[in-house]
Protein chains: 2
Amino acid sequence: MDPSELQHQSKTKFLDAALQVIRSKGYTATRVEDVCAVAGLTKGSFFHHFKSKEELAIAAADHFAAMADRLFASAPYQRAEDPLERLLGYVDFRMGILRGTLPDYTCLLGTMVQEAYDTHPAIRATCDKHLSSHATMLARDIAEAKARYVPDAPWTPESLGLFMQTVIQGAFILAKAKQGPEVAAESLRHLRRYLETQFTPAAQGA
Amino acid sequence: MDPSELQHQSKTKFLDAALQVIRSKGYTATRVEDVCAVAGLTKGSFFHHFKSKEELAIAAADHFAAMADRLFASAPYQRAEDPLERLLGYVDFRMGILRGTLPDYTCLLGTMVQEAYDTHPAIRATCDKHLSSHATMLARDIAEAKARYVPDAPWTPESLGLFMQTVIQGAFILAKAKQGPEVAAESLRHLRRYLETQFTPAAQGA
DNA sequence: ACCTATAAACCAACCAGTCGGTATGCCCAT
DNA sequence: ATGGGCATACCGACTGGTTGGTTTATAGGT
């Protein structure tokens, strides 16, 4: 086996373990040894691959964002020709992945940035980068749909993309409070309804 | 000075300090001694008033919710006769209180529940209780406005009240990521626009 | 021989919670 | 009115478990 592939394997184990543990307990309460236990490796190996716990958090954020990018890039709704259909497809798709336990579907970036925004600037910056880039991805479809259906709508594509992120992040908080995805799904339905109204010229308010 | 008032003073100092520190650093990263330092009191006094850090968190959540209740109960928009005007007034009012630093205007409940939902069931339950009760307060105005303007709208008042909480909580996450309230205010503008469309009979989609 | 990955024992700092003690004020019996 | 008993508020040194990070050692591939 290629040694760089071996490294890759162990590092990936740590990163996957970090996703799971941090999304359950938050960044601060996550112990390096928790991550090692879940990864099935030891601290010696951990500090061979990461120079600190904070570096793990940043790498985990990158790892998470890369996974999310692949997930959405390969989702079936992407094949729709109509940008609005893709946008609504995105919301429906997000509703569909609210499965399993809370750590399975909540967002690592939102979890970490809430805790670390003031105390760990590097983590905050990384979470911001990925959250914003996800919103920008949405903004591309939004811009296309806006040009096609409601060119005079009173919002920018960027702003609406960020609003979609806002709803998703808030939905996870309520889901945690209520211990289940139903309230999150219901919020996504409201979001979908908002998008429908905004892209329907007849109904479009000021 | 009344001794019970004295107790009240010190306990309140701890609670106010906890609001500030936990909203900056999160629950886990908050050290009891941080709270003591901000309160200007000592650990001995702290553990005289609270039996554990977790009990502080729960008391702080209650304290925060009570403050918020007073704040919104006495806000000027409450005087409007029209329930829809009160609802939109609420959103505008929330936009208006996005002032100062992030710990000044973000929500203790959302911050704590995100971190503690899995590890501290009692904290989770308390946060849920207050978040839900705030949403229920909104749902009262929503129900009145729905009856008056859009009795056949396709959502329940409870669901829309929770959605408003969702947007607010998500807005704080984005504000933390981007280090300022602008993105939160922009999300509240989208929320306001959604409310306007949903309470305008002509524009109301299925 | 050398280098990477992993292991395991170890260390020093940190921190929630404890404990012995002081101060203050109230109640009530004398 | 006074002094003893008692409860409450507070202090700050201390403790014991925890945990991020280090060090030393070993296995195995080249």
Side-chain angles (χ1 to χ4, degrees), chain A residues 1-22 24-61 63 112 115-116 118-123, chain B residues 1-22 24-61 63 112 115-116 118-123:
Chain A
M1 180 134 29
D2 180 356
S4 77
E5 190 182 327
L6 249 176
Q7 172 188 9
H8 188 248
Q9 278 191 353
S10 288
K11 199 160 184 175
T12 301
K13 271 188 201 167
F14 282 123
L15 291 172
D16 287 337
L19 289 198
Q20 187 181 318
V21 180
I22 297 176
S24 296
K25 317 174 41 160
Y27 170 70
T28 309
T30 293
R31 309 292 156 219
V32 170
E33 297 199 352
D34 296 338
V35 175
C36 295
V38 172
L41 292 162
T42 61
K43 246 162 112 165
S45 178
F46 179 92
F47 281 101
H48 174 73
H49 291 288
F50 305 95
K51 89 174 194 305
S52 67
K53 183 182 162 186
E54 181 171 2
E55 191 184 286
L56 168 74
I58 291 165
H63 184 64
M112 288 206 303
E115 250 187 287
D118 201 38
T119 48
H120 296 75
I123 294 179
Chain B
M1 181 137 21
D2 179 357
S4 77
E5 191 183 325
L6 250 174
Q7 172 190 8
H8 189 249
Q9 279 191 353
S10 286
K11 201 160 182 174
T12 302
K13 269 188 200 167
F14 281 123
L15 291 171
D16 287 337
L19 289 198
Q20 186 181 319
V21 180
I22 296 175
S24 296
K25 316 175 41 159
Y27 170 71
T28 309
T30 292
R31 290 170 309 125
V32 170
E33 294 194 292
D34 295 337
V35 176
C36 295
V38 172
L41 292 161
T42 61
K43 240 167 133 167
S45 179
F46 178 91
F47 281 101
H48 175 72
H49 291 289
F50 304 95
K51 91 175 194 307
S52 67
K53 184 181 159 184
E54 181 171 3
E55 191 184 284
L56 168 74
I58 290 165
H63 184 64
M112 288 205 304
E115 248 186 289
D118 201 37
T119 49
H120 296 75
I123 294 179

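On a predicted model such as this, the values are computed, not experimentally measured, just so you know. Proteins come first, then strands; the chains are lettered A, B, ... in the order of their sequence lines, and each starts at number 1.
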Handout entry: A:Lys53 to A:Phe46 six-membered ring, cation-pi geometry met (6.0 Å, 45°)
Key = no
Problem - Residues forming a side-chain hydrogen bond (donor to acceptor under 3.5 Å, both in side chains) with A:His63, sequence neighbours excluded - result: A:Asp16
Handout entry: Sequence-distant partners of B:Thr28, side-chain hydrogen bond (donor to acceptor under 3.5 Å, both in side chains), two or more places apart
Key = B:Glu115
Practice task
Please check the phosphate of D:dC10 (OP1 and OP2 only) for any side-chain N or O of B:His48 closer than 4.0 Å.
Solution key: no
Send over the distance from [X] [atom1] to [N] [atom2], rounded to a whole Å.
| X | N | atom1 | atom2 | value |
| --- | --- | --- | --- | --- |
| B:Lys13 | D:dA9 | NZ | P | 14 Å |
| A:Glu55 | D:dG21 | CD | P | 10 Å |
| B:Phe50 | D:dT8 | CZ | C1' | 15 Å |

Exercise for the section: Apply side chain to side chain contact (heavy atoms under 4.5 Å, CB included) to B:Glu55 and list each qualifying residue two or more places apart in sequence or on a separate chain. Expected result: B:Phe50, B:Lys51, B:Ser52
Practice task
State which residues pass side chain to side chain contact (heavy atoms under 4.5 Å, CB included) with A:Ala122; sequence neighbours excluded, sorted by chain then number.
Solution key: A:Glu54, A:Ile58
Fill in the blank from the handout: Those residues at least two apart in sequence (or on a different chain) that pass salt bridge (charged side-chain N to carboxylate O under 4.0 Å, His left out) with A:Lys25 are A:Asp34
Completion exercise
In 5'-to-3' order, the base (B), backbone-only (S) or no-contact (-) status of each nucleotide in nucleotides 12-18 of chain C, using a 4.0 angstrom heavy-atom cut-off, is ---SBBB
Fill in the blank from the handout: The nucleotide from D:dC11, C:dA5, C:dA8 with an atom nearest the side chain of B:Thr42 is D:dC11
